[in-house]
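See structure below.
Quick note: numbers below take in every heavy atom, side chains included, and nothing from hydrogens, waters or symmetry partners. Chain naming here is simple, since letters A, B, ... match the order of the sequence lines and numbering starts at 1 in each.
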2 protein chains.
Amino acid sequence: MFIKETVKGMRDILPAEMEIREYLLTKLKYIYTSFGFTQIETPCMERIENLTSNQGGENEKLIFKVLKRGEKLNESLNLDNPDELCDSGMRYDLTVPLSRYFANNAGQLPMPFKALQVGSVWRADRPQKGRYRQFTQCDIDILGNPDNTAESELIYVTSLFLDSVGVKGNTVMVNDRRILKGMAKKAGFAEEDYNKVFIILDKYDKIGEDGVKKELLESGCDETAVNTYMDIFHGFMTAEDRFSYVEEAFGDAMEPGVADNIRQIFANVALMSGGKFHLSFDPTLVRGMGYYTGTIFEIKSEDFKGSSIAGGGRYDNMIGNFTGTPTCACGFSIGFERLVGALLDKKFKADGTREKVAVLYGKAFTSGDVATLQCKCNALRENGKVVLVQKMNKNVGFQKQKLEAEGYGTFIDVRYPDEIETKL
Amino acid sequence: MFIKETVKGMRDILPAEMEIREYLLTKLKYIYTSFGFTQIETPCMERIENLTSNQGGENEKLIFKVLKRGEKLNESLNLDNPDELCDSGMRYDLTVPLSRYFANNAGQLPMPFKALQVGSVWRADRPQKGRYRQFTQCDIDILGNPDNTAESELIYVTSLFLDSVGVKGNTVMVNDRRILKGMAKKAGFAEEDYNKVFIILDKYDKIGEDGVKKELLESGCDETAVNTYMDIFHGFMTAEDRFSYVEEAFGDAMEPGVADNIRQIFANVALMSGGKFHLSFDPTLVRGMGYYTGTIFEIKSEDFKGSSIAGGGRYDNMIGNFTGTPTCACGFSIGFERLVGALLDKKFKADGTREKVAVLYGKAFTSGDVATLQCKCNALRENGKVVLVQKMNKNVGFQKQKLEAEGYGTFIDVRYPDEIETKL
């Protein structure tokens, strides 16, 4: 039985979208490799043990598991434990594979290791509009560089990439996990309340300062701590120099140099971009706190109604926990599918796509005449154009309409072979 | 438990190989899209029904099957039939997905549909050197063009691609399934013996004319038929004009125009390439006869010791059988992993990779100095170079050796910040 639909929640990608994807990927790869990032690729399947090592949080519930084969499957069939039926699964992110890749190949890799990984990931999530069970992730990581030249380069190059594909109105929000903790500590919250506090703080964009205060109180936090926290927070939001403010207001609740670290990143990116890229030191930036240990950042864009199009941070412990060898790391993840979606909706414009020419030949053409025509078109192709040679249909108007929809902007009609010389 | 190895039979791709893969893919995509081929992408998973529809031959035994999830898994657990445990599987080729894609999206696709599909496929084969359970396939197909302008274009563009990436000494072997049958019919073989005859004929390269004759007799074929066959075959191999020979010797055993069809393809490709590409009309070319209905072709290369690096043909019935709508088709498949392997072994040389410059800075550099340095390097990057900015190690000799192995050919040492202006 033949079924023409895709597997549930997955999708075919049509030519028009493929052009946009390829355009973005070409730019992305070109720009990051210009800075010495190297592409890597890992298999789409990982050992089930690695996928279920508690590294992946909720995603571990969404794994597509791969059935054992042959004798090993037979041995597992009657164990009545579905976990025994599979030995591997589809990766749900690129971070577990990156860690495993680094552990497996470190001896052959440059150090620091600047990796660009683009690939499909799979999650057996409930399918929704714009959310599929197979989608592309795009991660850029620097492993083994402990200082903020890593953050500076990552923020600069990622901004450069977004700029190059036409995403406008970007602001890089920057914070530090240690600042979040320092501010909470200074206010006097109990350490076990930190995460709750951060989750509420994260809603600042939607509920404002008063809303944050209200929710903190409602959540059962100590009132004195909440009041102190709001004072510090208000000071932060309104300070003329947020770097100095952090030091003055709660520098004693953190290790030294945390604010200065961000100050340097700001100066570096300003220097590298000639002041072009806009950064904002944002105490409300939380991100999933999971594995970040230092700087965290997120790029918000007016082209995406102020929402985030890329995010990342420093995670100095995660790879070591996973592989057994301490390895500092800092990375960015770009919302590739969101970028594609926006380009498809023409929210911003992809330039740089090649001019497309359709050459239509009449029914009098022999296959040898078509070869002559193809030959003539090669000069245009060598100039970077796309040239499609196609037989003219009876309804040539409709044919051209369809070709226009595929992006063909120039049409050359060659009804008879003797017109080849003059028309091309 | 963390396991650093990949899933059995799969592999991590290191940066050096990734560069070669990207180089090949960039060329491939650029050249085919120049001719109006459009890229498509299908999900890596297909419904298990489509993968087990007898389309995939032996590959159907090698499917990685994906376990059902949730309630549906529970319902299937005690049925004692492993087939009930899975609802989808990993694709083992790109042909089943192409057929399904076409059936699913035909209304939105151009016609003729010229598709380029590059993607991973999975086969649970016994792992061997150079043969992995996940690998890349690369298929180029024209659907809906019934005449030999399709064959001519496919052969021309594929030769152009191989030429552009430096594969030298290529010959396009061409034959037609109808010629194979016609020759066998004329000789008087029983129709049920055809496949046996073709399999023996396919060994001509290794066993020669006498060997073919010997094996045909040993296989139990009729002696008169074998003798007639060898006469026709010998005439074919030694004919001055193979096209005319086919018509004269067994044209009456085929539909008309088959030899002329190949003659036209030869003339067209000669015309398009200015005589650059070498074609050979080869009666021993068999290929898997499975679904081909007309022209078959294969590109053999001296760079690959005379073995095949790409192959394809016309298969006018297959998509229709699969989808229910008759659709003529002609396609090429390129041995992508073999090309990568040969480039890795430096059997032929990839040009066009970017110049790589490593700028090493001394320990006196602040992160701000590094930003200044990065800034200075942007001019080189804008000229298309790769510029890696890295801290100088104590053992700078070893560091440069490693960088050289990564392809860096130019080194700029900037020990102190005040050297930035003069060194760059």
[X] versus chain B, heavy atoms under 4.5 Å apart: side chain, backbone, both or neither?
X      : value
A:E22  : side chain
A:E17  : neither
A:S152 : neither
A:N74  : neither
A:Y32  : neither
A:Y156 : side chain

Is [X] close to chain A through its backbone or its side chain, or both, or neither, when contacts mean heavy atoms under 4.5 Å?
X      : value
B:K391 : side chain
B:K356 : neither
B:L73  : side chain
B:E382 : neither
B:F102 : neither
B:I31  : neither
B:Q39  : both
B:V387 : both

Do you know the tightest heavy-atom contact between B:V7 and A:S88? CG2-CB, 3.9 Å
Identify whether NZ of Lys or CZ of Arg in A:R381 sits under 6.0 Å from the centre of the six-membered ring of B:Y30 and within 45° of that ring's axis. no
Most contact-rich option vs chain A, by heavy-atom pairs under 4.5 angstrom, among B:T372, B:V96, B:D147, B:L373, is B:T372
